[in-house]
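Everything below concerns the one structure shown next.
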Amino acid sequence: MKIMKRPNILLTGTPGVGKTTLGKELAQRMGLSYVNVGDLAREGQLFDGFDEEYQCPILDEDRVVDELEDRMGDGGMIVDYHGCDFFPERWFHIVFVLRTDNTVLYNRLESRGYAGKKLQDNVQCEIFQTIFEEAMEAYREEIVHQLPSNDPEDLERNLEQIVQWTEQWMKDNN
C-alpha cells in the first residue's frame, strides 16, 4: 500500500446539512482535492435507473467506487456524499457526520425545492440519526465524529477543527 502524505476525509450527513459548503472551503484552505459524489455521478452518468418515488437517479455505487479508487489511494481527498456505507473502510482516515437542527434542515431543504415525502423522509433521517448510525456501522468508531452544522459560526468552528486535525495527521504521518 502506498504511503499517503495527506489524509482522506469523508463528509457525510443528510442532504442540506452543509457538506458541500464545508468541503469546498476545507479543500481551498488545505489544498486538498474535493469530490462531490453527486456531481461525479452526473458527470460520468454513474447511475443505475431512476427512482420514481423520489424523482431522482439511482446511484450505481460500484461504478462510483471504481471511479474513485485510484484517486483515493493517493490521499488528500475530501469526499462529500449523503450515503457512506458503500465506500471501502480503508479509504478514510476520518469521517465527519454533519448534523443540523430539524427546523433549520426543513427550511434548507424546502428552499431547494424538496417537498412531500422526499422532504419528510430527509428530515426524519436526521431526527433518527440514520447517517450517523450508518457511519458507525461502516467505519471504526474512533474515526467517526459528529459536527453541528446550523449556522456560519458552526461552519467556521468545523473548519478550524478539521484543519487542526488534518495538520496534526500530516505531522504524525510524514
Side-chain angles (χ1 to χ4, degrees), residues 1-48 56-100 105 108-109 112 122 125-126 129-149 154-155 157-170 172-174:
M1 184 162 174
K2 248 186 254 187
I3 296 176
M4 295 181 200
K5 296 190 180 304
R6 300 177 304 161
N8 288 328
I9 299 168
L10 175 60
L11 299 178
T12 191
T14 307
V17 296
K19 299 176 299 293
T20 301
T21 302
L22 177 63
K24 286 179 176 179
E25 182 63 28
L26 184 61
Q28 186 174 20
R29 288 190 190 187
M30 295 302 301
L32 302 173
S33 298
Y34 169 80
V35 175
N36 178 302
V37 171
D39 292 344
L40 177 79
R42 272 186 292 286
E43 290 162 12
Q45 289 300 301
L46 307 176
F47 299 118
D48 187 24
C56 64
I58 300 167
L59 189 70
D60 186 330
E61 296 172 350
D62 292 333
R63 288 178 59 207
V64 169
V65 169
D66 291 345
E67 185 73 26
L68 287 172
E69 184 71 52
D70 290 341
R71 293 162 71 181
M72 297 305 292
D74 294 332
M77 297 293 296
I78 299 168
V79 175
D80 158 359
Y81 193 59
H82 59 264
C84 64
D85 58 353
F86 69 92
F87 298 117
E89 181 182 4
R90 63 183 155 71
W91 277 6
F92 299 106
H93 299 95
I94 197 158
V95 175
F96 293 105
V97 181
L98 274 60
R99 303 296 312 278
T100 299
L105 182 63
R108 287 180 187 171
L109 292 175
R112 290 183 176 186
N122 277 289
C125 181
E126 186 67 8
Q129 302 185 56
T130 305
I131 306 296
F132 176 66
E133 289 178 10
E134 252 184 37
M136 292 296 285
E137 289 175 19
Y139 302 97
R140 294 184 327 277
E141 190 174 320
E142 63 270 16
I143 72 165
V144 178
H145 305 275
Q146 294 186 78
L147 296 174
S149 183
D154 285 343
L155 173 63
R157 271 191 301 275
N158 293 340
L159 282 164
E160 289 171 15
Q161 183 177 340
I162 299 172
V163 165
Q164 284 179 351
W165 180 88
T166 303
E167 289 171 344
Q168 188 61 53
W169 188 95
M170 290 190 301
D172 294 345
N173 290 278
N174 288 300

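Annotation: the span from L98 atom CG to L11 atom CG amounts to 6.5 Å, rounded to 0.5 Å. Atom CG in N122 sits 5.5 Å away from atom CG in L109 (nearest 0.5 Å). Residue L10 holds its CG atom at 8.0 Å from CE of M72, rounded to the nearest 0.5 Å.
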Begin from the C-alpha positions of M170 and M30 and carry the test side-chain contact (heavy atoms from CB on, under 4.5 Å) through to its verdict.
-> CA-CA 11 Å; M170 290 190 301; M30 295 302 301; 3.9 Å; yes

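Counting all heavy atoms, side chain and backbone alike, L32 lies closest to I9 at CD1-CD1, 4.1 Å. Listed here is the closest heavy atom pair of N8 and G76: OD1-N, 3.3 Å. For L159 against L26, the heavy-atom pair with the smallest separation is CD2-N, 3.6 Å. Contact detail for P57 and F47: the closest heavy-atom pair is CB-CD2, 3.4 Å. Between I131 and H82 the shortest heavy-atom distance is CD1-O, 3.0 Å. Residue M4 comes nearest to W169 through the heavy atom pair O-CH2, 3.5 Å, listed as atom of the first residue, atom of the second, then distance.
A distance-only check finds no donor-acceptor pair linking the side chain of N36 to the backbone of D80 [under 3.5 Å]. A distance-only check finds no donor-acceptor pair linking the side chain of R6 to the backbone of M77 [under 3.5 Å]. The backbone N or O of G16 sits less than 3.5 Å from a side-chain atom of R108, completing a donor-acceptor pair. Looking at T12, its side chain never comes within 3.5 Å of a backbone N or O of V97 through a donor-acceptor pair. T100 places a side-chain N or O within 3.5 Å of a backbone atom of S149 that can act as its donor or acceptor partner. Looking only at distances, no side-chain donor or acceptor of K19 sits under 3.5 Å from a matching main-chain atom of V79. Judged by distance alone, the side chain of Q45 and the main-chain N or O of R42 form a donor-acceptor pair under 3.5 Å. Side-chain atoms of H145 never come within 3.5 Å of backbone atoms of F96 as a donor-acceptor pair (strictly under, hydrogens ignored).
The shortest distance between side-chain heavy atoms of Q129 and M136 does not fall below 4.5 Å. Residues L46 and L40 form a side-chain contact, since some pair of their non-hydrogen atoms from C-beta on lies under 4.5 Å apart. Put simply, the side chain of Y34 reaches to within 4.5 Å of the side chain of T20, judged on heavy atoms. In this structure, the side chains of E25 and Q28 come closer than 4.5 Å at one or more pairs of heavy atoms. Between P15 and L105 there is no side-chain heavy-atom pair separated by less than 4.5 Å. No side-chain heavy atom of E61 sits less than 4.5 Å from a side-chain heavy atom of Y81. By the 4.5 Å heavy-atom criterion applied to side chains, I162 and L22 are counted as neighbours.
In this structure, the ring pair (Phe, Tyr, Trp, His ring centres under 6.0 Å) partners of F87, at least two apart in sequence or on a different chain, are W91, F92.
Between R63 and D66 no salt bridge is recorded (no basic side-chain N to carboxylate O distance below 4.0 Å).
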Under 3.5 Å, which donor-acceptor pairs link side chains of residues 137-144 to any protein atom two or more places apart or in another chain?
unit_1: Y139; atom_1: OH; unit_2: C84; atom_2: O; d: 2.7
unit_1: R140; atom_1: NE; unit_2: E142; atom_2: OE2; d: 3.0

